[in-house]
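Data first, discussion second: the structure below is written as structure tokens.
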Amino acid sequence: MNAVAETTVQASPAGKAAWITLAIAWLCFLVPFPGLGLFLGWPLNLVAFILAIVAMAKGGAMKGLFQLLGSIIVSPIVYFVGLAIFAGTVSGISAQSKGQYDAAVAEAGVSSAAAEADAAAKPAEPAATAVTNDAAAASASAVEVTATTMFSDYQDNEIAADGKYKGKALLVSGTVDSISSDFMDKPVVQLSAKPFGFVQASDLSKDVAASLKKGQKVTLACTGNGEVIGFPALSGCTVQ
């Protein structure tokens, strides 16, 4: 009497482990976190590759063939898809930061333009002598400060610096670092503030701005306009 032995096909533990490891590796490839796919995803993919070979050695070729192909063929595809996702995420963050910066600059420009419009709307003094006397009085009462000191004060304590400079007549001395135009095509002059900052002055006439040179030492009569994007700002400026 011949006995017939019945065998049941069971899934290989190594094959299952290979699938699980592959899934985790692919997830690491797709998550837009710097270095996650390179330093965790690829080592896990190598583990899945080895497990697939073990499964094939113990249970036959079909026990780990698909896991092996997945680690060799599918994993690189998933990795490059993850790189594309990461690049898109970084690009989106950069665009958002640039938009916030542009909005802040535009807001500062609008405030400066509004201040200029208000000043223009005020009636002129009837006599030139009165205007001269007022200008002389303003210069005499103006706070004298260097660009470096003003920048340093804002770095130390913005609230205290606003109390000293914002809305007040100032005589700011320093070295011209750059002469450019803002988004409204109005001159903007930056005074160097050691070691790495600057003070931004606006509302200079185009003729005056055109006559300035980088590295030139100047004294500007301005009104303090607070801090814009981390740097002290001045409005209503004229060269003394």
Side-chain angles (χ1 to χ4, degrees), residues 2-111 151 154-159 177-178 180-184 188 190 193 195-198 200 226-233:
N2 295 328
V4 180
E6 295 183 355
T7 59
T8 57
V9 179
Q10 298 181 350
S12 169
K16 286 184 177 180
W19 279 124
I20 295 173
T21 308
L22 270 179
I24 298 174
W26 293 344
L27 181 62
C28 292
F29 292 154
L30 295 175
V31 173
F33 186 84
L36 186 63
L38 183 62
F39 297 111
L40 183 59
W42 281 116
L44 288 173
N45 188 74
L46 178 60
V47 172
F49 177 82
I50 295 172
L51 288 172
I53 294 176
V54 172
M56 293 171 66
K58 290 185 175 182
M62 298 306 295
K63 295 296 183 180
L65 178 61
F66 294 107
Q67 297 93 315
L68 184 69
L69 293 176
S71 65
I72 297 174
I73 299 174
V74 179
S75 289
I77 296 174
V78 176
Y79 178 71
F80 284 112
V81 170
L83 287 179
I85 294 174
F86 178 76
T89 301
V90 171
S91 177
I93 293 174
S94 299
Q96 183 179 5
S97 300
K98 185 178 184 301
Q100 292 175 346
Y101 176 85
D102 290 343
V105 172
E107 183 178 353
V110 170
S111 298
F151 176 79
Y154 270 99
Q155 291 294 300
D156 291 340
N157 189 325
E158 182 181 354
I159 304 301
D177 184 60
S178 70
S180 58
S181 298
D182 63 12
F183 74 103
M184 297 179 68
V188 175
Q190 292 182 351
F196 52 84
F198 62 83
Q200 181 166 290
E227 188 178 70
V228 178
I229 320 175
F231 298 96

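We number each residue from 1, following the sequence as shown.
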Worksheet, complete the sentence: Residue pairs passing the side chain to side chain donor-acceptor pair (under 3.5 Å) test with at least one member in residues 67-77, sequence neighbours excluded, are Trp26-Ser75, Asn45-Ser75
Worksheet item: Roughly how far, to the nearest 0.5 Å, is the CD atom of Gln200 from the CZ atom of Phe151?
Response: 12.5 Å
Practice prompt. State, yes or no, whether a side-chain contact exists between Glu227 and Glu158 at a heavy-atom distance under 4.5 Å.
Written response: yes
Worksheet, complete the sentence: Distance col, row Phe29:CZ vs Leu36:CG, nearest 0.5 angstrom, shows 9.5 Å
Item to complete: Could you tell me the separation between the CG atom of Leu30 and the CG atom of Leu83, rounded to the nearest 0.5 Å?
Response: 10.0 Å
Practice prompt. Considering non-hydrogen atoms only, spot the tightest contact between Ala25 and Gly41 and give its length.
Written response: CB-O, 3.4 Å
Practice prompt. For Ala48 and Leu22, work out which heavy atoms get closest and say how close.
Written response: CB-CG, 3.6 Å
Discussion item. How close do Leu44 and Cys28 get, counting heavy atoms only, and between which atoms?
Written reply: CD1-SG, 4.3 Å
Worksheet item: Side-chain contact, heavy-atom cut-off 4.5 Å: Phe231 with Tyr154?
Response: no
Worksheet, complete the sentence: So ring pair (Phe, Tyr, Trp, His ring centres under 6.0 Å) across residues 55-77, not counting sequence neighbours, yields none
Discussion item. Against Ile72, only a single residue in Val74, Leu69, Leu68 fulfils side-chain contact (heavy atoms from CB on, under 4.5 Å); can you say which?
Written reply: Leu68
Fill in: Euclidean distance, Leu38 CG relative to Tyr79 OH, rounded to 0.5 Å
5.0 Å
Response to the item:
Quick note, side chain to side chain donor-acceptor pair (under 3.5 Å) partners involving residues 47-62, not counting sequence neighbours, are none
Worksheet item: Between CD of Gln155 and CG of Asn157, what distance do you get to the nearest 0.5 Å?
Response: 11.5 Å
Fill in: Over all atoms of both residues, closest heavy-atom pair of Ala52 and Gly64
CB-O, 3.4 Å
